[in-house]
Amino acid sequence: MALKTRFTEMFGVEHPIVQGGMQWVGRAELAAAVSEAGGLGFITALTQPTPAALREEIERAKSLTKKPFGVNLTILPAITPPPYAEYRQAIIDSGVKIVETAGYKPQEHVDHFKAHGIKVIHKCTAVRHALSAERMGVDAISIDGFECAGHPGEDDVPGLILIPAAADKVKIPMIASGGIGDARGLVAALALGAEGVNMGTRFMCTKESPIHQKVKEQIVANDERSTDLIFRTLHNTSRVAKNAVSQQVVEIERRGGATFEDVKDLVAGARGRVVYEEGDPDYGIWSAGQVQGLIHDIPSCGELVSRMVREAEEIIRNRLVKFIG
Ligand SMILES: Cc1cc2nc3c(=O)[nH]c(=O)nc-3n(C[C@H](O)[C@H](O)[C@H](O)COP(=O)(O)O)c2cc1C
């Protein structure tokens, strides 16, 4: 069984299931496993220390799958930004045909990718940003609700509203992101007007995900209340797994008047990386969404994707159809 949508047609994949960019997690083995399973996997460009390392990582993914996979390029405001143009060139030169952009002002990146025949999915958290990306000429939108891991934006609109609100206005294919972890989420997303789903946290907790087993077990043990929103007061909200460090950050922000300097050491990316590598979930900040409450196992990507598609069919055929009197 395959669920066919405008998204699967456009991107040449079997199933409308995407693994979005994930810093420190989106490496070749995970992206390739998702694509091998019939979904669309993404390598995260900035996880690689240099554009040259990204070229090697793309080659590694090519050696693991012949199916389409993409690269995520996340554009974040930074005092010393990474060499975006060089990362972009590495993606183009490597012959990758699909890119997920996320973050601020992607126009120059979109223009350059499109000039090389690359399809671009722009991920955003607001209808107005989706419409502006559509005007920029991207091929598809990934719309990320407030439930999501990572950056949910500042509008706090959950998927149940955001997806149909975007579907009412966006004309190009759109996939739903944030809070999706099983077939029920997939079918709901389709019902709300999306043509596929993007998942982060769920794919992070799979056999092929290149993070420590203890972090995967922590995700299984966690529930839907196990996240914190940090950087709220800095207007750069991030949803992360609730732990000793995230609670300290929230406490510092709660006191009022906090600046980035006050939390800088606690939130250092290097500490988050140690969480994934050494498996101590309380060592630093790491991203995870509310969907942790729906994650109860650590399947392979193949098992996960085929289970979602099989159960989605069951829900549509055996549950939904029966409601029609
Ligand atoms: C560990 C982790 C790291 C992430 N890093 C990025 C990133 O670097 N760039 C990006 O665009 N999205 C990033 N995301 C967001 C995901 O691509 C996706 O939009 C989000 O996880 C969807 O919500 P969900 O976790 O509820 O499925 C990250 C998510 C996780 C769980």
Side-chain angles (χ1 to χ4, degrees), residues 17-27 30-31 34 39-48 54 70-76 78 82 84 87 99-104 106 109 120-125 129 133 141-153 158-160 162-163 174-182 185-186 188-189 194 196-206 209-212 215-216 218-219 222 224 226-229 236-243 246 267 269 272-273 275-277 281 284-295 304 308:
I17 299 177
V18 174
Q19 167 253 314
M22 284 187 273
Q23 185 65 345
W24 309 128
V25 182
R27 298 178 189 271
L30 178 60
V34 174
L40 182 58
F42 279 91
I43 289 174
T44 306
L46 299 183
T47 291
Q48 299 304 319
L54 175 60
V71 176
N72 163 286
L73 188 64
T74 304
I75 308 125
L76 293 173
Y84 281 116
Y87 276 99
V99 163
E100 178 192 58
T101 52
Y104 297 83
H109 305 285
V120 178
I121 305 171
H122 184 65
K123 187 167 60 192
C124 53
T125 58
H129 298 152
I141 296 291
S142 185
I143 193 99
D144 228 347
F146 187 49
E147 307 88 331
C148 72
H151 291 277
L160 200 56
L162 187 63
I163 302 160
M174 191 186 77
I175 58 173
S177 179
I180 295 154
D182 60 27
L186 169 57
V197 294
N198 175 52
M199 305 192 298
T201 310
R202 177 62 277 198
F203 277 121
M204 192 183 171
C205 192
T206 57
S209 163
I211 60 170
H212 200 285
V215 181
K216 300 178 193 177
Q218 187 67 53
I219 293 174
N222 282 352
E224 61 279 10
S226 309
T227 72
D228 268 323
L229 293 168
N236 186 24
T237 301
S238 192
R239 187 183 293 284
V240 300
K242 180 180 271 184
N243 66 8
S246 71
V267 304
R273 199 174 165 178
V275 170
Y276 298 133
E277 284 173 3
I285 292 291
W286 52 285
S287 297
Q290 295 180 318
V291 73
Q292 288 178 109
L294 303 177
I295 295 176
L304 176 64
M308 277 183 73

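Note that ligands are numbered from 1 as they come in the structure, with each ligand's atoms numbered from 1 the same way. All values reported here derive from a predicted model rather than from experimental measurement.
- For Ser287, no nitrogen or oxygen atom sits less than 3.5 Å from a nitrogen or oxygen atom of ligand 1, counting backbone and side chain alike.
- When hydrogens are left out, the protein atom nearest atom 14 (N) of ligand 1 is Gly21 O, 3.1 Å; that is the closest non-hydrogen contact.
- Atom 22 (C) of ligand 1 has its closest protein heavy atom at Ser177 OG, 3.4 Å.
- Looking at atom 30 (C) of ligand 1, its nearest protein heavy atom turns out to be Met22 CG, 3.5 Å.
- When hydrogens are left out, the protein atom nearest atom 5 (N) of ligand 1 is Gln23 N, 2.9 Å; that is the closest non-hydrogen contact.
- Contact annotation: for Phe203 versus ligand 1, there are no heavy atoms closer than 4.0 Å.
- Of all atoms in ligand 1, listed by their number and element, those nearer than 4.0 Å to a heavy atom of Thr74 are 7 (C), 8 (O), 9 (N), 10 (C), 11 (O).
- Annotation for Met199 and Ile180: closest pair SD-O, 3.3 Å, computed over non-hydrogen atoms.
- Nearest protein neighbour of atom 27 (O) of ligand 1, counting heavy atoms only, is Gly200 N, 2.9 Å.
- At a heavy-atom cutoff of 4.0 Å, ligand 1 is contacted by the side chain of Ala102 but not by its backbone.
- One side chain, Thr101 or His122, offers a donor N or O that lies under 3.5 Å from an acceptor on the other.
- The Asp144 neighbourhood of ligand 1 comprises atoms 19 (O), 22 (C), with distances under 4.0 Å to a heavy atom of that residue.
- Proximity to Met204 (heavy-atom distance under 4.0 Å) selects the following atoms of ligand 1: 1 (C), 31 (C).
- Taking all atoms of both residues into account, the shortest heavy-atom contact from Cys205 to Ile295 is SG-CG2, 3.8 Å.
- Nearest to atom 1 (C) of ligand 1 among the protein's heavy atoms is Tyr276 OH, 3.4 Å.
- If you look at Leu46 next to ligand 1, there are no close heavy atoms at all, none under 4.0 Å.
- A donor-acceptor contact under 3.5 angstrom links the side chains of Thr47 and Gln23, judged on distance only.
- From the protein, the heavy atom lying nearest to atom 26 (O) of ligand 1 is Gly179 N, 2.8 Å.
- Nearest non-hydrogen protein atom to atom 25 (O) of ligand 1 is Thr201 OG1, 2.5 Å.
- Of all heavy-atom pairs between Ile141 and Ala133, the closest is CD1-CB, 3.8 Å.
- Interface atoms of ligand 1 facing Met199, defined by a heavy-atom separation under 4.0 Å, are 27 (O).
- By the criterion of a heavy-atom distance under 4.0 Å, neither the backbone nor the side chain of Gln290 is placed next to ligand 1.
- When all heavy atoms are compared, the tightest approach of Gly178 to Asp144 is N-OD1, 3.6 Å.
- The atoms of ligand 1 that sit less than 4.0 Å from any heavy atom of Asn198 are 18 (C), 19 (O).
- Proximity of Val291 to ligand 1, defined as any heavy-atom pair under 4.0 Å, is confined to the side chain (atoms from C-beta onward).
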